[in-house]
Number of protein chains: 2
Amino acid sequence: MLLTSQVFPHGPEVSFQMNPPGGRTPVMADVARLAGVSHQTVSRVVNGHPNVREETVLRVRRAIDELGYHRNSTARALVTRRTNVLGVIAFDTTLFGPAQTLSGIERAAREAGYFLSMVSLDDVSPDGIVAAAEYLIQQSVEGCVAIAPQRSLVDALAALPGPHPLVAVEGGEGSGLPVVCVDQVQGAHDAVRHLLELGHATVHHIEGDPLWLESEARVVGWRRALEEAGVPVPEPLPGDWSPRSGYELGRSLVARRAEGERVTAIFVGNDQMAIGVLRALHEAGLRVPGDVSVVGFDDVPEAEYLTPSLTTVFQDFAQVGKESLALLLGEIGTERNGSSGSSGTARRVVPARLRVRGSSGPPPP
Amino acid sequence: MLLTSQVFPHGPEVSFQMNPPGGRTPVMADVARLAGVSHQTVSRVVNGHPNVREETVLRVRRAIDELGYHRNSTARALVTRRTNVLGVIAFDTTLFGPAQTLSGIERAAREAGYFLSMVSLDDVSPDGIVAAAEYLIQQSVEGCVAIAPQRSLVDALAALPGPHPLVAVEGGEGSGLPVVCVDQVQGAHDAVRHLLELGHATVHHIEGDPLWLESEARVVGWRRALEEAGVPVPEPLPGDWSPRSGYELGRSLVARRAEGERVTAIFVGNDQMAIGVLRALHEAGLRVPGDVSVVGFDDVPEAEYLTPSLTTVFQDFAQVGKESLALLLGEIGTERNGSSGSSGTARRVVPARLRVRGSSGPPPP
DNA sequence: AGCAACATTGTTAACGCTCACATAGAGGAA
DNA sequence: TTCCTCTATGTGAGCGTTAACAATGTTGCT
């Protein structure tokens, strides 16, 4: 029970008895009758109101236990106009990032006493996300977190009519929606600077799906680091987050190397693609980091145990979950207070952290 | 719109207008007034009843659009006693399997017109899962899918009072709850037979968290294959699914090899641990599959791009999601029809499929 | 005593919807 | 015509809860 209330701080201490009066599941009136009070007093006890006599509370509690009464959340929601449910919209939860973010949001929501209703979409499209949002709204969620990989998606959401509390995760800025994101630019910047400081003349970049904001931001950080160092900026190679695309683009870099181009360091958009790149390099007989250094992004659990272990960038998804929930609850609060002034400009940035491991080293002489 | 109704077959075609009469969000009565009909007729139109004159339907539709009316799902749920929400309980969605299963269930639920309320737990405990189930039940979910890695968890659920439709995924058999699972035994058996057929004298096993049923079942399949072949059965090494544990147990096998034990093939409980094993073997200067063959389980997307590419066992999680939802909907249906006879013995098994890749080969001579 | 303040409980009316039933008109068969 | 059926619509009563207010009793103070 201790555990229970730790995990579900807002969950009721539910009893296990079952003793419906006439086969029906018991309602407040049943409890009231058994306890010899009015249903309203039962309501007061259930909701922990003050000003109920100790002895009455006990009697009601006993009746509740005896009948195995559970408060009907639907009826409650109808009259309070609060469902206690939040919505989450996610894309491709096969990917490590979205899956982790979802998990972080779920925990934060539960701790805040909210249920989570989830939609996960396969194809990235404004139609899809709007449909998902409408779907959730008509289920009466109090607000939504959208893990939205593209600016256009966030824009589509921001254009939704009616004052619906919405928060975007990784949704870029200036979209008129509050946003929480990891500082992709800084993370990429750190990674690339790390490689430059090791002595590489430049750093090539295999990016994720170029349509995704995360990808875009990492390109920005990569480019900025190169420009700051005054080194040449090669054309980034667009992938799609998959190991396969990492492999193929890795091969194309190998080919360019064979043609004489100096490729000694590759910053890859995520760890999965980095695995593909490692494979391509290995097949070409190139040593990592002896011949080529590789840095990934995400810090998947296996990164440390690849051969070589992968230098990568860690993102605190739990923190992202917490922050986005805090923002959303803020939205809900202000909306409830009638102040229609949207806090659309709110923006919380969670830092990324470079994890240096075995796949990055000085360039060959 | 076409896309919308593909993704949300049961979603309403929601309008985007907003025009509340007195600041309030419009209700059926508002629509009725505007259309010059009774609220009941509006209800009929909204629910697609027959026996409404074409022209009336149109008039009501127009009013609905004009006001931006959405049906209040809470009020509907209160009177119909159907929330259209299902619950899912999952453990450690960081792991590939649970995350994929969740995703499969989500899709199947959406296609069946159900919302999904999710709880994901960190520690595996009967208290935790019961609390989660109670939490969801008191939110009035119509049924629950529990992705339950341990028999004891399923037993705890089965012991819940009241007729709550519940389905377990990977929950073992004989627990009194309907169960959907991947045929772990067969998958493991296939993997081990593959190795034996390559000529290995025996196959060592690094198992996942021994408390998990998946782990147990894979051990069973592995053992059975060895016994059928009449080869010695080494003691399995218990891990915890993490790459780290794979690495450490891999090292211990390397050590035993150094002491003269013949270790030429390792069947590993999942791909993440297999990655750790590959690392340990590599560090010891052993070649895969030249010196030691390795087979994993799960077929994570990167398995194909590891070096060497990983032979592993594929699980059709989408199918698991579909089956479990079908089972749950069946439960809900029978419960609704009063027939209290639980279909507790129902059991659907989804086959696993071996994917032979580069990490398995004949033993050294 | 007399009155105000407070604590405790009860009564009634929503919340927004669906269900069961009532009603009215149209059409057909006897 | 008369009655019965069928279609189209309306009426009223809940579903189980909370909120607002009313109605007690209880205490303390002048």
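Convention: sequence-line order gives letters A, B, ...; per-chain numbering from 1. Bear in mind that the values here come from a model prediction, so they are computed numbers and not experimental data.
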Query raised in the report: Expressed in angstrom and rounded to an integer, what is the separation of Gln138(B) atom CD from dT17(D) atom P?
Result: 12 Å

Query raised in the report: Given atom CG of Asn51(B) and atom C1' of dA22(C), what is their separation to the nearest angstrom?
Result: 16 Å

Query raised in the report: dT17(D), dG16(D), dC15(C): which one has an atom nearest the side-chain heavy atoms of Met28(A)?
Result: dT17(D)

Requested in this report: Carefully, step by step, assess Arg110(A) and Glu106(A) under the rule salt bridge (Lys or Arg N to Asp or Glu O under 4.0 Å).
Outcome: CA-CA 6 Å; Arg110(A) 182 145 38 85; Glu106(A) 194 275 335; 3.1 Å; yes

Report summary line: His49(A) NE2 to dG10(C) C1', in whole Å, measures 15 Å

Report task. Ignoring the backbone of Val52(A), work out which of dT9(C), dT18(C), dT17(D) is nearest its side chain. Result -> dT9(C)

**Report entry** Rounded distance (Å) that lies between atom C1' of dA20(C) and atom CD of Gln40(B)
**Finding:** 10 Å

Query raised in the report: Nearest to the side chain of Thr80(B) - dT18(C), dT17(D), dG16(C)?
Result: dT18(C)

**Report entry** Selected nucleotide, minimal atom distance to Arg76(B) side chain, candidates dC17(C), dT18(D), dG10(D)
**Finding:** dC17(C)

**Report entry** Spacing between Asn72(A) atom CG and dC15(D) atom P, to the nearest angstrom
**Finding:** 12 Å

Report task. Name the nucleic acid region contacted by Ser73(B), choosing base, sugar-phosphate or nothing; use a 4.0 angstrom heavy-atom cut-off, strictly under. Result -> nothing

Query raised in the report: Side chain of Thr74(B), backbone of Ala77(A): donor and acceptor closer than 3.5 Å?
Result: no

Query raised in the report: Of the nucleotides dG16(C), dG10(D), dT11(C), which one has an atom closest to the side chain of Val37(B)?
Result: dG10(D)

Query raised in the report: Below 4.5 Å, heavy atoms only, C-beta onward: do Phe115(B) and Val85(A) meet side chain to side chain?
Result: no

Query - Gap between atom CG of Asp30(B) and atom CD of Glu66(B) - 0.5 Å precision - result: 12.0 Å

Query - For atom CD of Glu54(A) and atom P of dA7(C), their distance in whole Å - result: 15 Å

Query raised in the report: Between Pro50(B) and Ala75(B), which has a closest nucleotide on DNA chain D that is more 5'?
Result: Pro50(B)

Report task. May I have the distance from Arg33(B) (atom CZ) to dT9(D) (atom P), rounded to whole angstrom? Result -> 19 Å

Query raised in the report: NA contact type, Thr74(B), heavy-atom cut-off 4.0 Å: base, sugar-phosphate, or nothing?
Result: nothing

Query raised in the report: Which part of the nucleic acid, if any, lies within reach of Thr41(B) when heavy atoms closer than 4.0 Å are counted: base, sugar-phosphate only, or nothing?
Result: sugar-phosphate

Report summary line: Winner on side-chain proximity to Arg81(B), out of dT9(D), dG16(D), dT8(C), is dG16(D)

Query raised in the report: When all nucleic acid strands are considered with a 4.0 Å heavy-atom cut-off, which category describes Arg71(B): base, sugar-phosphate, or nothing?
Result: sugar-phosphate

Query raised in the report: Does Arg44(B) get its side chain close enough to the base of dG10(D), under 3.5 Å, for a donor-acceptor pair?
Result: yes

Query raised in the report: What is the distance from NE2 of His39(B) to C1' of dG10(D), rounded to the nearest Å?
Result: 8 Å

Query raised in the report: Does a side chain donor of either Arg44(A) or Asn51(A) reach within less than 3.5 Å of an acceptor in the other side chain?
Result: no

